[in-house]
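The structure appears below as structure tokens.
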Amino acid sequence: MTAPKGHIAAIDPASLPKHYDAAAAEPRWGEVWERAGTYHYDPGRPRAETYVIDTPPPTASGSLHPGHVFSYTHTDILARYVRMTGRNVFYPIGWDDNGLPTERRVQNYFHIRCDPGVPYDPELVLEEASARASKEGPPRKVSRPNFIAACERVTRQDEQAFKRLWTRMGLSFDWREEYQTIGTRSRRIAQYSFLDLWRKGHVESRYAPTLWDVDFQCAIAQAELEDRTVPGAYHDLEFGVEGGGRFTISTTRPELLAACVGVTAHPEDARHRHLFGKLALTPLFRVPVPIFPSEKADPEKGTGILMVCTFGDATDVKWWREHGLSLRQIVQRDGRLAPVVFGGEGWESRDAAAANHAYAELAGKNLNQARKRVVELLREPDASATGQGAPLVAEPRAIQHVVKYYEKGERPLELVPTRQWFVRLLPWKDALIEQGARIQWHPGYMQHRYEDWTRNLNQDWCISRQRYFGVPIPVWFPLDAEGRRDYEKPILPDEPQLPVDPTTDVPRGYEAAQRGVPGGFDAETDIFDTWFTSSLTPQISSHWTLDAERHAKLFPADVRPQAHDIIRTWAFYTIAKAWLHEGRTPWDDVVVSGFVLDPERKKMSKSRGNVVTPLPLVEEYGADAIRYWAGSARLGVDAALDEQVFRVGKRLVTKLFNAGKFALAQSGPAHPIASELDRAFAARLAELVRSATRAFEDKNHAQALQETESFFWSRYTDVYLELVKARARDEAAEAAAGRGSAVAALRLGLSVLLRLFAPFVPYITEEVWSWQFAGERGEPSIHRAPWPSERDFAGIAPPAESASLEIAMACFAAIHKAKADASVSAGREVERLTLAANPKTLAKLALVAGDVLSAARVREHALAAQDDLADGAFAVRDAVFAERAES
RNA sequence: AGGCACGUAGCUCAGUGGCUAGAGCACCACCUUGACACGGUGGGGGUCGGCGGUUCAAUCCCGCCCGUGCCUACCA
């Protein structure tokens with residue numbers, strides 16, 4: 001249907017439904033966008049026109065969480081804004097599927113455990129139901145390939161659930177750029193990263209005491225530590241001194257007594273100075289250990305003198321290194337005490353028989369059991385190293401103390417000497433802080449988090465994990481004639497071989513048959529820390545090492561959206577990798593979203609059990625309404641899950657539907673926007689566009705939304721739309737110019753406001769846009785329409801009086817109030833009234849009085865000058881209202 | 001213990017060195033209106049955490065204190 005030239009055609013409101021049904025419309029538009037490729041990245045356009053988003057890959061096996069909806073919506077709002085400004089948005093989505101969370105979920109889902117010793121069973125069928133039935137028994141042991149297959153199966157399912165939610169939320173990803181962190185490309189790029197770091201000398205393998213989780217039986221990195229305050233107890237134990245004497249130490253870990261390798265106190269401590277240089281004798285095991293001074297010993301703590309064990313904490317490691325102490329590792333990888341024998345080399349004892357007798361009670365026990373038993377043994381007088389009564393000289397004193405845990409773990413971390421791979425980061429601390437300063441953080445104070453973390457870093461990055469579902473470390477070791485690994489000469493693959501699985505692939509120059517035989521080779525079985533791969537998300541998306549041209553176009557990225565709790569991991573490691581690989585920052589901006597709190601303002605988390613499943617909320621209120629809630633929160637600020645805000649969002653959607661229906665139902669002769677009120681409205685609208693655009697450029701979407709919303713309600717629908725209704729429908733021939741101006745301005749207002757709202761509420765804006773605006777510029781979707789700008793206002797003369805809109809509004813409101821005071825409906829006609837205002841205001845009113853009086857349905861009016869009224873204020877007097885019309 | 005952020009109406013939050021500090025929700029009253037009753041109009045509601053300082057002027061800037069949250073440190 002083409003409109004006659006010179007006439008603005010209207011839509012037929014009767015053809016539209018009475019009410020907008022988000023549940024039906026949203027999935028429909030999702031399909032339209034998918035089919036049209038509305039959000040596709042165009043690789044043909046130059047870098048300068050491209051905007052690259054380094055999207056966080058969610059942990060696919062994690063639960064769907066309102067926090068996801070919240071922060072991903074923030075990013076999507078930014079993406080949609082940038083896209084409308086004409087830039088070519090690269091907005092990929094990946095799934096972080098490797099790692100412990102997936103393994104744990106799979107273990108529970110199928111009730112299985114991975115055991116690399118079990119042979120592969122290609123026929124193995126795992127079912128959730130049967131797993132549930134077998135929960136009675138111990139978990140079934142399955143081979144590593146079977147376990148990985150189970151992981152892949154579960155993550156695919158989980159990813160589909162996420163994808164459904166993301167699609168429904170209207171996140172404008174380019175789904176062609178979907179990837180998995182366990183996928184072939186990610187594995188290749190992660191392994192290449194390792195090769196590159198190795199070549200540059202940033203990687204090494206070390207045998208050293210490492211933070212160790214005894215349940216996962218896996219090394220972890222400093223960034224995965226979590227402090228927890230837990231109950232403990234001081235135990236006062238009396239030690240002997242060789243050559244005579246005794247002293248009492250305080251320890252919270254008596255179960256490590258057998259691992260005691262030294263005793264230390266502060267050098268200035270008069271109570272203990274006489275002991276330095278002598279040998280102490282441990283109770284129970286009668287092991288002679290050196291007593292040495294150390295500045296690190298705090299005279300205020302405990303008794304001021306303490307035992308050094310291998311290893312109770314990080315300070316023990318330092319003492320052990322600096323003082324060349326013995327290594328007596330009694331804690332095994334499974335958290336149980338090792339079967340050691342006193343009397344041999346490194347395990348000296350002045351009474352080996354007694355030591356072994358006592359230790360026999362402890363070997364094989366876990367740490368809690370061992371603690372309980374060793375305390376019992378220390379209550380026996382014959383355990384004394386001094387012959388003066390029981391070594392436990394006082395009842396244990398209960399305390400609350402802070403203990404390091406793996407953030408996903410359940411038992412305290414131990415320090416266990418193991419061989420691990422490390423990326424050397426400590427030498428780069430200053431450089432990494434400087435890199436962080438080159439990045440714009442939003443909000444700015446998030447940079448402090450990064451700097452604090454980097455400055456306090458005290459360990460290199462342990463990147464090896466003794467787990468199964470992850471990217472294999474691409475290394476083999478040559479075996480010597482005795483079949484021992486030569487750790488000094490690891491064999492790395494060549495780049496074209498990547499990705500490799502060293503447990504099945506064969507290194508160059510070897511035959512498969514040489515695996516595991518003396519003179520042959522042996523595979524590294526460890527996998528990478530998941531962050532080793534996740535820290536490469538910009539490079540995974542840019543196809544680093546696979547497509548140089550694409551990489552140059554997409555790396556570094558423009559923006560990294562993320563949550564603040566993973567600044568120390570994801571942001572930090574990504575910055576570190578980009579620095580070590582290419583000497584640059586991985587992005588220009590970081591935008592940090594807050595957390596979602598439950599209605600009691602508590603952080604929503606799985607462990608608190610207060611997580612709400614988002615999809616039912618989306619179905620109840622519509623995605624636009626949920627997005628409105630997310631969009632109204634500023635970056636970095638935590639937001640409470642608030643259904644009242646969802647309702648406000650839903651109301652906005654309804655209002656957009658109805659206002660759009662009204663504005664587009666008006667027709668009239670084509671005419672420029674020329675009437676005073678219309679020009680005043682356009683001028684205010686242009687101000688809004690400038691202000692909202694500035695807010696978006698400052699990464700302040702919440703302000704843009706607030707201003708747009710405020711204008712939409714309190715200027716467009718409540719005011720302007722009411723004021724021009726009559727003129728927009730005036731059929732009189734002599735009113736044609738005014739009518740055409742009103743219709744044009746109504747449409748301009750709708751068109752601009754829809755576009756300003758489009759990043760926040762993409763569905764309803766697309767819906768209304770589709771009724772008539774779509775296709776006007778050859779582009780059907782509002783989400784590819786140009787962001788409002790001065791161009792929308794070209795040729796519109798400024799109003800004669802800049803406050804005309806506000807004058808009209810104030811006068812209209814005064815008449816409304818008079819009607820309300822008389823309990824008369826706003827639509828009732830007014831026979832006559834007198835409008836009072838100061839002379840200046842009356843003069844301004846003259847410019848717009850026609851619109852005000854016809855909108856208020858005033859038949860006759862008089863004006864009265866009243867000097868004591870403030871500028872812009874009106875008083876209504878002597879109003880006579882018409883009788884209510886008979887229906 | 002250190003760092004960062006926050007503290008404004010019953011609730012959720014804007015805001016500014018200067019008119020009488022705002023919005024939404026909630027609450028109260030009123031209005032069938034022609035886009036919308038999934039709507040509209042009007043109204044009540046504040047010691048801007050406390051104390052001090054700078055200033056002609058402080059909710060805003062500075063200092064101290066109190067409270068909340070997060071990050072980091074604290075393992076004998």
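Reminder, nothing fancy here: chain letters follow the sequence lines and each chain counts from 1. These numbers were taken from a predicted model, which means no experiment stands behind them.
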Item to check | Under 3.5 Å: donor-acceptor pair, side chain of A:E722, backbone of A:A855 | outcome: no
Next on the checklist: Using a strict threshold of under 4.0 Å (side-chain N to carboxylate O), is an ion pair present between A:R694 and A:D698?
Outcome noted: no
Could you go through nucleotides 1-10 of chain B and list every protein N or O atom that sits under 3.5 Å from one of its N or O atoms, giving the distance for each pair?
none

Checklist entry - Dot-bracket, RNA chain B: Watson-Crick or G-U, under 3.5 angstrom, [ ] crossing, | other strand? => result (((((((..((((....[...)))).(((((.......))))).....(((((..]....))))))))))))....
Checklist entry - Counting distance only, does the side-chain N/O of A:E643 pair as donor-acceptor with the main-chain N or O of A:Y621 below 3.5 Å? => result no
Checklist entry - Can you tell me how far P in B:C56 sits from the matching atom in B:C70, rounded to whole Å? => result 43 Å
Checklist entry - A:A665 near the nucleic acid: base, sugar-phosphate alone, or nothing, with a heavy-atom cut-off under 4.0 Å? => result nothing
Next on the checklist: What I want to check is whether the side chains of A:T264 and A:W319 have a donor and an acceptor closer together than 3.5 Å.
Outcome noted: no
Item to check | Protein-nucleotide distance (A:L652, atom CG; B:C25, atom P), rounded to Å | outcome: 12 Å
Next on the checklist: What contact category does A:R568 fall into here, base, sugar-phosphate, or nothing, at under 4.0 angstrom with non-hydrogen atoms?
Outcome noted: sugar-phosphate
Item to check | Pairwise P distance for B:C28 and B:G44, with rounding to whole Å | outcome: 16 Å
Checklist entry - Should the pair A:F70 and A:W629 be assigned to parallel (<30°), tilted (30 to 60°) or perpendicular (>60°) ring geometry? => result tilted
Next on the checklist: At 4.0 Å (heavy atoms only), tell me whether A:T717 reaches a base, stays on the sugar-phosphate, or touches nothing.
Outcome noted: base
Checklist entry - Under the 3.5 Å rule, do the base of B:C38 and the side chain of A:K650 count as making a donor-acceptor pair? => result no
Next on the checklist: Taking the cut-offs as 6.0 angstrom to the six-membered ring centre and 45 degrees off its axis, would you call A:R828 and A:F881 a cation-pi pair?
Outcome noted: no
Checklist outcome for this item: Taken to the nearest whole Å, CD1/A:I566 to P/B:C71 is 13 Å
Next on the checklist: With rounding to the closest Å, how many angstrom separate the P atoms on B:C25 and B:G42?
Outcome noted: 13 Å
Item to check | Separation of B:A35 C1' from A:L753 CG (nearest whole Å) | outcome: 15 Å
Checklist entry - Please give, in whole Å, the distance from B:C36 C1' to A:L664 CG? => result 15 Å
Checklist entry - Between A:R729 and B:A35, is there a side-chain N or O to OP1/OP2 distance below 4.0 Å? => result yes
Item to check | Of the listed nucleotides B:U41, B:G39, B:C38, the one nearest the side chain of A:H19 | outcome: B:C38
Item to check | A:S825 (side chain) and B:C31 (base): donor-acceptor pair under 3.5 Å | outcome: no
Next on the checklist: If the test is side-chain contact (heavy atoms from CB on, under 4.5 Å), which one of A:E268, A:H272, A:H266 qualifies with A:P299?
Outcome noted: A:H266
Next on the checklist: On RNA chain B, compare the nucleotides closest to A:E709 and A:A870; which residue's is nearer the 5' end?
Outcome noted: A:A870
Checklist entry - Tell me: CG of A:L721 to C1' of B:G40, nearest whole Å? => result 13 Å
Next on the checklist: Please classify the nucleic acid contact of A:Q666 as base, sugar-phosphate, or nothing, using heavy-atom distances under 4.0 Å.
Outcome noted: nothing
Checklist entry - Parallel, tilted or perpendicular: which fits the ring planes of A:F812 and A:H816, with parallel below 30° and perpendicular above 60°? => result perpendicular
Checklist entry - Quick one: which of B:U72, B:G24, B:A37 gets closest to the side chain of A:N456? => result B:U72
Checklist outcome for this item: Among B:A14, B:C25, B:A35, the one nearest any side-chain atom of A:V637 is B:A14
Item to check | P spacing across the pair B:G17 / B:A76, given as an integer number of angstrom | outcome: 50 Å
Expected rows: protein N/O vs nucleotides 74-76 of chain B N/O, under 3.5 Å:
unit_1: B:C74; atom_1: OP2; unit_2: A:K404; atom_2: NZ; d: 3.2
unit_1: B:C74; atom_1: N4; unit_2: A:D227; atom_2: OD2; d: 2.9
unit_1: B:C75; atom_1: OP1; unit_2: A:K301; atom_2: NZ; d: 3.4
unit_1: B:C75; atom_1: O4'; unit_2: A:V402; atom_2: O; d: 3.4
unit_1: B:C75; atom_1: O2'; unit_2: A:D313; atom_2: OD2; d: 3.4
unit_1: B:A76; atom_1: OP1; unit_2: A:T252; atom_2: OG1; d: 2.6
unit_1: B:A76; atom_1: OP1; unit_2: A:H401; atom_2: ND1; d: 3.0
unit_1: B:A76; atom_1: O3'; unit_2: A:S250; atom_2: O; d: 2.4
unit_1: B:A76; atom_1: O3'; unit_2: A:T251; atom_2: N; d: 3.0
unit_1: B:A76; atom_1: O3'; unit_2: A:T252; atom_2: N; d: 3.1
unit_1: B:A76; atom_1: O2'; unit_2: A:S250; atom_2: O; d: 2.1
unit_1: B:A76; atom_1: N6; unit_2: A:D298; atom_2: N; d: 3.4
unit_1: B:A76; atom_1: N1; unit_2: A:D298; atom_2: N; d: 2.8

Item to check | Nearest-nucleotide comparison on RNA chain B, the residue closer to the 5′ end among A:E829 and A:W713 | outcome: A:E829
Checklist entry - Using atom P of each nucleotide, how far apart are B:C4 and B:C64 to the nearest Å? => result 11 Å
Checklist entry - A:K18 side chain N/O closer than 4.0 Å to the phosphate oxygens (OP1, OP2) of B:A37? => result yes
Next on the checklist: Rounded to whole Å, how long is the line connecting atom CZ of A:R747 with atom C1' of B:A35?
Outcome noted: 13 Å
Checklist entry - What orientation do A:F757 and A:F712 show, parallel under 30°, tilted 30 to 60°, or perpendicular over 60°? => result perpendicular
Next on the checklist: Please determine whether a side-chain nitrogen of the Lys or Arg among A:E26 and A:R627 lies less than 4.0 Å from a carboxylate oxygen of the Asp or Glu.
Outcome noted: no
Checklist entry - So how far is it from A:T765 OG1 to A:F657 CZ, rounded to the nearest 0.5 Å? => result 13.5 Å
Item to check | B:A9 and B:G3, which share atom name C1', separated by this distance in whole Å | outcome: 32 Å
Checklist entry - Between A:W771 (CH2) and B:A35 (P), how many Å, whole number? => result 14 Å
Item to check | Atom P, compared across B:C6 and B:G45: separation rounded to whole Å | outcome: 30 Å
Checklist entry - Using atom C1' of each nucleotide, how far apart are B:G7 and B:U59 to the nearest Å? => result 12 Å
Next on the checklist: When you measure from the centre of the six-membered ring of A:Y20, is the NZ or CZ of A:K661 closer than 6.0 Å and no more than 45° off the axis?
Outcome noted: no
Item to check | Short side-chain N/O contact to B:A35 OP1/OP2 from A:K725, under 4.0 Å | outcome: yes
Checklist entry - A:F760 and A:F696: ring pair (Phe, Tyr, Trp, His ring centres under 6.0 Å), yes or no, with the steps? => result CA-CA 12 Å; A:F760 301 98; A:F696 262 113; 5.7 Å; yes
Checklist entry - Rounded to the nearest Å, what distance is computed from the NE2 atom of residue A:H816 to the P atom of nucleotide B:U41? => result 7 Å
Checklist entry - Does A:Y450 use its side chain to pair, donor to acceptor, with the backbone of A:L432 at less than 3.5 Å? => result yes
Item to check | ring centroid sep under 5.5 Å plus plane angle under 30, A:H564 with B:C71 | outcome: no
